[in-house]
Amino acid sequence: MIGGSSMYKANLKNIINSKEEKTIALSLIPHVGDTLQIKEPNKFLLIHGITYLAENESVDLEIFVEPIDRTYWMNEI
């Protein structure tokens, strides 16, 4: 499952309010510390943790994220 050219279905979970941000399809599995940019709505999300779901057939990953603004993201580069 890790590597290759398959798509992964991931739930993005907000670590601040414990709500689900969005479910997305990813071709690569990101790493802790990476930033995802979501276009609808336009958001930047800092990845704090990733869980691989071994027994769930509909979703492969839960990715725990913190919403950040573009200025924070640009300052970290």
Side-chain angles (χ1 to χ4, degrees):
M1 179 160 156
I2 298 175
S5 62
S6 63
M7 294 294 283
Y8 304 97
K9 188 173 180 185
N11 282 338
L12 304 179
K13 302 267 182 147
N14 185 322
I15 64 168
I16 305 298
N17 62 17
S18 301
K19 292 184 180 178
E20 186 173 311
E21 287 284 329
K22 191 170 191 163
T23 299
I24 61 173
L26 296 171
S27 58
L28 298 172
I29 298 173
H31 297 94
V32 172
D34 286 350
T35 302
L36 293 175
Q37 181 180 5
I38 305 298
K39 291 185 180 183
E40 296 294 327
N42 192 19
K43 287 185 175 184
F44 289 87
L45 303 168
L46 179 63
I47 297 174
H48 283 273
I50 299 171
T51 300
Y52 300 90
L53 301 174
E55 297 178 6
N56 189 342
E57 294 180 16
S58 62
V59 177
D60 300 315
L61 309 165
E62 281 189 330
I63 300 176
F64 298 91
V65 298
E66 174 187 1
I68 58 174
D69 64 18
R70 191 171 193 277
T71 303
Y72 175 92
W73 178 76
M74 293 294 286
N75 288 339
E76 289 298 310
I77 293 180

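Just so we're clear, the structure is a prediction, and the values are computed from it rather than from any experiment.
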Trainee: Would you say Val32 ends up clustered with Phe64 if hydrophobic residues are merged whenever their side chains have heavy atoms under 4.5 Å apart, either directly or through other cluster members?
Mentor: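 No; tracing contacts between hydrophobic side chains, which count when under 4.5 Å, never links both residues.
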Trainee: In chain order, what residues pass the side chain to side chain donor-acceptor pair (under 3.5 Å) check against Thr23, with sequence neighbours excluded?
Mentor: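 Side chain to side chain donor-acceptor pair (under 3.5 Å) check on Thr23 returns Asn11, Glu20.
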Trainee: Where is the tightest heavy-atom contact between Pro67 and Ile16, given as atom of each residue plus distance?
Mentor: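 Scanning both residues, the minimum pair turns out to be CD-CG1, 4.4 Å.
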Trainee: Hydrophobic clustering (ILVMFWY, side-chain heavy atoms < 4.5 Å, transitive) - are Val65 and Tyr52 grouped together?
Mentor: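 Yes, same cluster.
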Trainee: Find out whether Gln37 and Asn42 are in side-chain contact, i.e. whether some heavy atom of one side chain is under 4.5 Å from a heavy atom of the other.
Mentor: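 Touching, per the 4.5 Å side-chain cut-off.
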Trainee: Tell me whether Ile24 shares a hydrophobic cluster with Ile29, the cluster being built from Ile, Leu, Val, Met, Phe, Trp, Tyr side chains joined at under 4.5 Å.
Mentor: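 Per the 4.5 Å side-chain linkage, Ile24 and Ile29 are co-clustered.
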Trainee: Go through the structure and list residues passing side chain to side chain contact (heavy atoms under 4.5 Å, CB included) with Asp34, not counting sequence neighbours.
Mentor: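 With neighbours one apart ignored, the set is Pro30, His31, Ile47.
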Trainee: Taking atom CG of Leu45 and atom NZ of Lys22, what is their separation to the nearest 0.5 Å?
Mentor: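 Reported value, rounded in 0.5 Å steps: 9.5 Å.
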Trainee: What heavy-atom pair brings Leu46 and Gly33 nearest, and what distance separates the two atoms?
Mentor: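 Taking every non-hydrogen atom into account, CD1-O, 3.5 Å.
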Trainee: Indicate the atoms forming the closest heavy-atom contact of Ile50 with Leu61, along with that distance.
Mentor: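 Of all heavy-atom pairs spanning Ile50 and Leu61, the closest is CG2-CD2, 4.2 Å.
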Trainee: If you compare all heavy atoms of Asn14 against all heavy atoms of Glu21, which two are closest, and at what distance to 0.1 Å?
Mentor: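 Smallest interatomic distance, heavy atoms only, reads ND2-OE2, 2.8 Å.
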Trainee: Should Leu12 and Ile15 be counted in the same cluster of Ile, Leu, Val, Met, Phe, Trp and Tyr side chains packed under 4.5 Å apart?
Mentor: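 Leu12 and Ile15: separate clusters.
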Trainee: By salt bridge (Lys or Arg N to Asp or Glu O under 4.0 Å), which residues pair with Glu62, not counting sequence neighbours?
Mentor: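 By the salt bridge (Lys or Arg N to Asp or Glu O under 4.0 Å) rule, Glu62 matches Lys13.
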